[in-house]
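Worksheet: one structure, shown below.
All residue numbers in this chain count up from 1 along the given sequence.
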Amino acid sequence: MNKFELFTMIFYAIDLYYDDNPSDLLGQFLSSMSPFTFDDIGSAVPYVYKEFCDFVQEKITIENSYDIALEYVKSIKFFDLDLVSIFKTVDTEKWKEGCKNYLATDHKGKDC
């Protein structure tokens with residue numbers, strides 16, 4: 001699993017929560033984080049992905065990806081959003097299953 005794939009999985013996890021709990025503030029956050037806005041590898045607001053890449057320094061595997069993602073989410077300060085609670089709505093087993101499914105498909109950033 002590479003950094004872009006992990007970044008995308010974090011986006012998916014938060015977006016899943018947003019689907020059932022929409023809010024303007026969370027929508028703004030997801031819009032800035034979106035890995036799908038542009039064709040390149042990054043986010044809609046480029047420094048969001050850059051900061052993520054600077055944050056993640058260890059090798060990423062499916063087994064450690066949830067913990068790395070959670071630590072990254074804890075580091076995010078976006079107004080008064082409780083992103084940690086939002087992220088934790090996805091349990092680790094569901095996360096790992098989602099990662100396996102995502103990695104098994106053709107996707108943007110697969111060959112990064």
Which atoms form the tightest heavy-atom contact between [X] and [Y], and what is the distance?
X: Phe11; Y: Leu30; result: CE1-O, 3.4 Å
X: Ser43; Y: Phe38; result: O-CD1, 4.0 Å
X: Ile14; Y: Phe29; result: CD1-CE2, 3.9 Å
X: Met1; Y: Ser65; result: SD-CB, 3.7 Å
X: Asn2; Y: Lys110; result: ND2-O, 3.8 Å
X: Phe7; Y: Gly42; result: CE2-O, 4.3 Å

(request) Taking the side chain as every heavy atom from C-beta outward, state whether Met33 and Ile10 have any pair of such atoms under 4.5 Å apart. (result) yes
(request) For residues His107 and Thr8, determine if any side-chain heavy atom of one lies less than 4.5 Å from a side-chain heavy atom of the other. (result) no
(request) Could you go through the side-chain contact (heavy atoms from CB on, under 4.5 Å) check for Ile86 and Tyr18 one step at a time? (result) CA-CA 9 Å; Ile86 291 169; Tyr18 177 80; over 6 Å; no
How many angstroms lie between atom [atom1] of [X] and atom [atom2] of [Y], to the nearest 0.5 angstrom?
X: Gln28; Y: Leu81; atom1: CD; atom2: CG; result: 9.0 Å
X: Asp80; Y: Leu25; atom1: CG; atom2: CG; result: 6.0 Å
X: Glu58; Y: Asp67; atom1: CD; atom2: CG; result: 9.5 Å
X: Phe4; Y: Asp111; atom1: CZ; atom2: CG; result: 12.5 Å
X: Ile68; Y: Lys59; atom1: CD1; atom2: NZ; result: 10.5 Å
X: Phe79; Y: Leu26; atom1: CZ; atom2: CG; result: 13.0 Å

Verify the neighbour count for atom [atom1] of [X]: are there more than 12 heavy atoms of other residues, nucleotides or ligands below 6.0 Å?
X: Asn101; atom1: CG; answer: yes
X: Asp24; atom1: CG; answer: no
X: Lys94; atom1: NZ; answer: no

Under 3.5 Å, is there a donor-acceptor pair between the side chain of [X] and the main chain of [Y]?
X: Asn64; Y: Ile60; value: no
X: Ser85; Y: Asp82; value: no
X: Lys3; Y: Phe52; value: no
X: Tyr66; Y: Glu93; value: no

(message) Before you tell me yes or no, could you show the steps for Tyr47 and Val45 under side-chain contact (heavy atoms from CB on, under 4.5 Å), namely the whole-Å CA-CA distance, both residues' side-chain angles and the distance that decides it to 0.1 Å?
(response) CA-CA 6 Å; Tyr47 79 85; Val45 176; 3.2 Å; yes
(message) Measuring centre to centre across the rings, with the benzene-like ring taken for any Trp, is Tyr12 within less than 6.0 Å of Phe36?
(response) yes
(message) Among residues at least two apart in sequence or on other chains, which ones pass side-chain contact (heavy atoms from CB on, under 4.5 Å) with Glu71?
(response) Phe55, Lys74
(request) Using only heavy-atom distances, determine whether the side chains of Thr37 and Ser34 contain a donor-acceptor pair under 3.5 Å. (result) yes
